[in-house]
Amino acid sequence: MVLAMADTCLSLSLPSITVVVPVYGQDEELKLCLNALAKQDYAGDYTVIVIDNNAQFALDTLQTEYPDMRFIWEPQRGAYHARNAAIAAANTPLFAFTDADCVPHCEWLRYGVEALMANENIGLVGGKIVMTCDKGRDLSLAEHMELAAGFPQHIYIKQRKFAATANMFTTQAMFDAVGVFDASLKSGGDGQWGRRVYKSKKALYYAPLAIVEHPVRNAAQIKTKIWRVVEGIRDMQPHWIACLTTVAIHLAPPINRLCAVAKYHHPQLSRCHKILLFGYCQYINWYTAYCRVALQLQKKHPPMDS
């Protein structure tokens, strides 16, 4: 009886939170995400809002399978349109963001909220994003790079002043203060929004115990992401000076990624393959520079390698 009363008091003392999950054509991955969200050990109230960003609402079956979760439709394409729709539909003081292809650990919400509430000056919290892959198969250089340095959230927060929305926590008060995501951007909206938080003099905090898992991407998927990210950067900074600055930065060695690779060990990775992996990291930087120039010249999407 005493323990039950204590649990009730703890639940009442914790703020309610909305978990935002945009999805576009990732039904199978979404199931894994929702199963993990259903098992959170957070003692307070939390609501999961799934935003279907397809042209037509296509999650009727999942809506039946997960009756305790809320499903809404945002037909206007773009992950930031979807996230903004969830923010408008929610009624909680706190928000947690993840993606449909992520699998949060059961303590994810608890540790994220704990970090967010540790200091009233904290504007956002970014949790750790662990890259995962199927065991027992040979990995490509692209997949090894992902395992070594796929989502360096601590670097995003410390050096670039944002947190990837695959694992981010913030407050309604923060959205009231700096606005919601810029939905006109195809990519980079989390970076732009994070820097707004930073400029408002609020602190950005890294929470290594608030963990979500994200599958590694192959070479074609990495290139598709680079194109999308660079397009977002171009949309924010469309002039040639910004283009040439981006090119200059990416012609140089990617120090953070190379350091991560230097510390990375895998039974499949021989010394020779590790040297090739260093080279692949540099190639990805050069490919990013190429995409920026191609976009500046308004070329079409370059063909994806397999």
Side-chain angles (χ1 to χ4, degrees), residues 11-24 26 30 33-54 57-60 62-104 108-117 120 122-127 162-185 189-190 192-194 196-197 200 202 204-205 207 210 212:
S11 177
L12 291 173
S13 68
L14 290 171
S16 56
I17 184 168
T18 295
V19 181
V20 177
V21 187
V23 60
Y24 176 75
Q26 294 173 301
L30 179 60
C33 179
L34 297 185
N35 288 340
L37 289 174
K39 297 173 183 176
Q40 293 296 299
D41 66 2
Y42 185 62
D45 292 330
Y46 70 97
T47 303
V48 177
I49 297 183
V50 180
I51 317 94
D52 188 349
N53 204 207
N54 287 282
F57 185 76
L59 300 180
D60 302 88
L62 285 179
Q63 194 169 27
T64 302
E65 289 183 34
Y66 300 91
D68 294 333
M69 298 181 183
R70 187 176 174 189
F71 292 77
I72 63 176
W73 178 46
E74 174 48 64
Q76 197 163 2
R77 280 292 308 278
Y80 301 115
H81 279 296
R83 293 183 182 107
N84 288 344
I87 294 166
N91 187 29
T92 57
L94 304 185
F95 286 88
F97 293 85
T98 192
D99 291 336
D101 56 356
C102 292
V103 178
W108 174 62
L109 275 181
R110 175 162 55 90
Y111 284 127
V113 171
E114 183 181 289
L116 188 62
M117 303 302 292
E120 63 180 12
I122 293 176
L124 70 82
V125 166
F162 81 98
T165 41
N167 190 353
M168 190 188 83
F169 295 79
T170 191
T171 65
Q172 178 64 57
M174 203 68 253
F175 288 121
D176 293 340
V178 305
V180 294
F181 299 104
D182 184 347
S184 69
L185 299 174
D190 43 3
Q192 190 232 44
W193 188 81
R196 273 191 268 152
V197 173
S200 75
K202 288 291 187 178
L204 283 62
Y205 186 83
V212 303

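Atoms considered below: every heavy atom in the structure, side chains included; atoms not considered: hydrogens, waters and symmetry mates.
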Determine whether a donor-acceptor pair (N or O, by modelled atom type, separation under 3.5 Å) exists between the side chain of [X] and the backbone of [Y].
X    : Y    : answer
W193 : A163 : no
Q40  : L109 : yes
T170 : G123 : yes
D52  : A58  : yes

How would you list, by chain and number, every residue that makes a ring pair (Phe, Tyr, Trp, His ring centres under 6.0 Å) with F71, sequence neighbours excluded?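 For F71 there are no ring pair (Phe, Tyr, Trp, His ring centres under 6.0 Å) partners, ignoring immediate neighbours.
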Residues in ring pair (Phe, Tyr, Trp, His ring centres under 6.0 Å) contact with Y46, at least two apart in sequence or another chain: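 Here no residue qualifies.
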Neighbour count above 12 (heavy atom, 6.0 Å) for Y66 OH: yes
What do you reckon, is CG of N91 surrounded by more than 12 foreign heavy atoms closer than 6.0 Å?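 Open.
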Show your reasoning for whether side-chain contact (heavy atoms from CB on, under 4.5 Å) applies to I17 and L116. CA-CA 11 Å; I17 184 168; L116 188 62; 5.8 Å; no
[X] versus [Y], closest heavy-atom pair with distance:
X    : Y    : answer
V103 : A36  : CG1-CB, 3.8 Å
Y42  : V113 : OH-CG1, 3.7 Å
F95  : A90  : CE2-CB, 3.5 Å
P22  : V20  : CD-O, 3.8 Å
L94  : P15  : CD1-CG, 3.4 Å
L37  : P104 : CD2-CG, 3.8 Å

Can you tell me how far apart [atom1] ([X]) and [atom2] ([Y]) are? Round to the nearest 0.5 Å.
X    : Y    : atom1 : atom2 : answer
I51  : F57  : CD1   : CZ    : 11.0 Å
I87  : T92  : CD1   : OG1   : 10.0 Å
I122 : T171 : CD1   : OG1   : 10.5 Å
N84  : D182 : CG    : CG    : 8.5 Å
T165 : L124 : OG1   : CG    : 11.0 Å

A79: partners by side chain to side chain contact (heavy atoms under 4.5 Å, CB included), with sequence neighbours left out: R83
Who passes side chain to side chain donor-acceptor pair (under 3.5 Å) against N167, sequence neighbours left out? W108
Could I get the full list of side chain to side chain donor-acceptor pair (under 3.5 Å) partners for R196, not counting sequence neighbours?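 Checked R196 against side chain to side chain donor-acceptor pair (under 3.5 Å); matches are Q192.
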Residue pairs fulfilling salt bridge (charged side-chain N to carboxylate O under 4.0 Å, His left out) with at least one residue in residues 34-43, sequence neighbours excluded: D41-R110
Whether Y80 and F181 hold their rings parallel, tilted or perpendicular, with breakpoints at 30° and 60°: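 The rings of Y80 and F181 sit tilted, inter-plane angle from 30° to 60°.
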Between R77 and N53, does a side-chain contact (heavy atoms from CB on, under 4.5 Å) hold up when you go through it step by step? CA-CA 6 Å; R77 280 292 308 278; N53 204 207; 4.1 Å; yes
Could you give me the CA-CA distance, side-chain angles and deciding distance for Y24 and N54, then say whether side-chain contact (heavy atoms from CB on, under 4.5 Å) is met? CA-CA 6 Å; Y24 176 75; N54 287 282; 3.5 Å; yes
side-chain contact (heavy atoms from CB on, under 4.5 Å) evaluation trace for M69 with L34: CA-CA 9 Å; M69 298 181 183; L34 297 185; 3.7 Å; yes
